[in-house]
Amino acid sequence: MNAHPPILEADDEFSPRDGYAAWAPCYDEDGNPLIALEGPAMRALFGRVGGRSVLDVGCGTGRLTLALAEAGARVVAIDQSPEMMARARTKLHGRAVSFVQHALPGPLPFADGQFALAVLGLVAEHVDDLQAVMAEVARAVEPGGRCLVSALHPDRTAEGQRARFIDPQTGVRRPIATIHRTLDDYRRIFESAGWTLAEEQSLVVPESIIEEYPRASRYVGRNLGWVSCWSRMG
């Protein structure tokens, strides 16, 4: 059997703004193994959201927004990328979801305690002033409310891995600027912003997903993602 040729890697690195604009057309069909693991893990942490107000921070193409809406939540979804949000609007057409274009770490345009739950799916590793963002999220979440956060695992970013996608036009893999933080860094930042850790999990790649997600083969038995649940201090 002939081995697959290696994927060419681009030398230049996209900013998060430009990178996700370029990734938007193929994001949902990219075959990303991290998404395959992170999505179910995040959904398992939603809890009872029916009828509750939920903020999806960095909604992207609306993958978690859709899951929240299907669970009965009243969702406000924000993102800095009009290209990603256009995909989300199409996906959520007819759903009771409000969309707001907003760039982090700018102050959130919401009232204090407006939401019962906030979700940040694969966003934190692209935000420089993460403490300011998490403090703003804490302000917008009611006391006793929760925040769910996922990220590319620090084991991977420590090796220099970044968010990246394969350009369908050229077949070249394009990296997006990604910030390395340790799990202790994340915990310290969130705690200083008013959050208490309730639960966390490292996402280890199982061999069972390789057939559907061939790019997972190099990570079998290794940490690829991290998900966590935080409670808003009273």
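On a predicted model such as this, the values are computed, not experimentally measured, just so you know. We number each residue from 1, following the sequence as shown.
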Measure from the side-chain N and O atoms of [X] to the backbone N and O of [Y], and report whether any donor-acceptor pair falls under 3.5 Å.
X	Y	value
R146	L45	yes
R232	A138	yes
E125	L152	yes
D79	C59	yes
W230	A198	no
E136	L108	yes
R87	A24	yes
R181	A124	yes
D56	T65	yes

key: Hphob cluster co-occupancy, L68 + L55, side-chain heavy atoms under 4.5 angstrom   =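 Different hydrophobic clusters.
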query = In terms of hydrophobic clustering (I, L, V, M, F, W, Y; side-chain heavy atoms under 4.5 Å; direct or indirect links), are V127 and V100 co-clustered?
reply =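 Same cluster.
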Do [X] and [Y] sit within salt-bridge range, that is, some charged N less than 4.0 Å from a carboxylate O?
X	Y	answer
R222	E207	no
R164	E13	no
D167	R173	no
R215	D30	yes

Under 3.5 Å, is there a donor on one side chain and an acceptor on the other for [X] and [Y]?
X	Y	value
R74	S53	yes
Q131	S192	yes
E38	S150	yes

query = Partners of R187 by salt bridge (Lys or Arg N to Asp or Glu O under 4.0 Å), sequence neighbours excluded?
reply =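 Partners of R187 by the salt bridge (Lys or Arg N to Asp or Glu O under 4.0 Å) criterion, ordered by chain and then number, come out as D184, E200.
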Qualifying residues under salt bridge (Lys or Arg N to Asp or Glu O under 4.0 Å), relative to D185, sequence neighbours excluded =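 Expected list: R188.
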Y186-W226 aromatic ring centre distance below 6.0 Å =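 Centroid separation for Y186 and W226: below 6.0 Å.
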query = So, for F110 and F115, is the gap between ring centers shorter than 6.0 Å?
reply =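 When the ring centroids of F110 and F115 are compared, they turn out to be within the sub-6.0 Å range.
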inquiry  = I'd like to know whether CD of E29 has more than 12 heavy-atom contacts from other residues, nucleotides or ligands below 6.0 angstrom.
reply    =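 More than 12 within 6.0 Å, yes.
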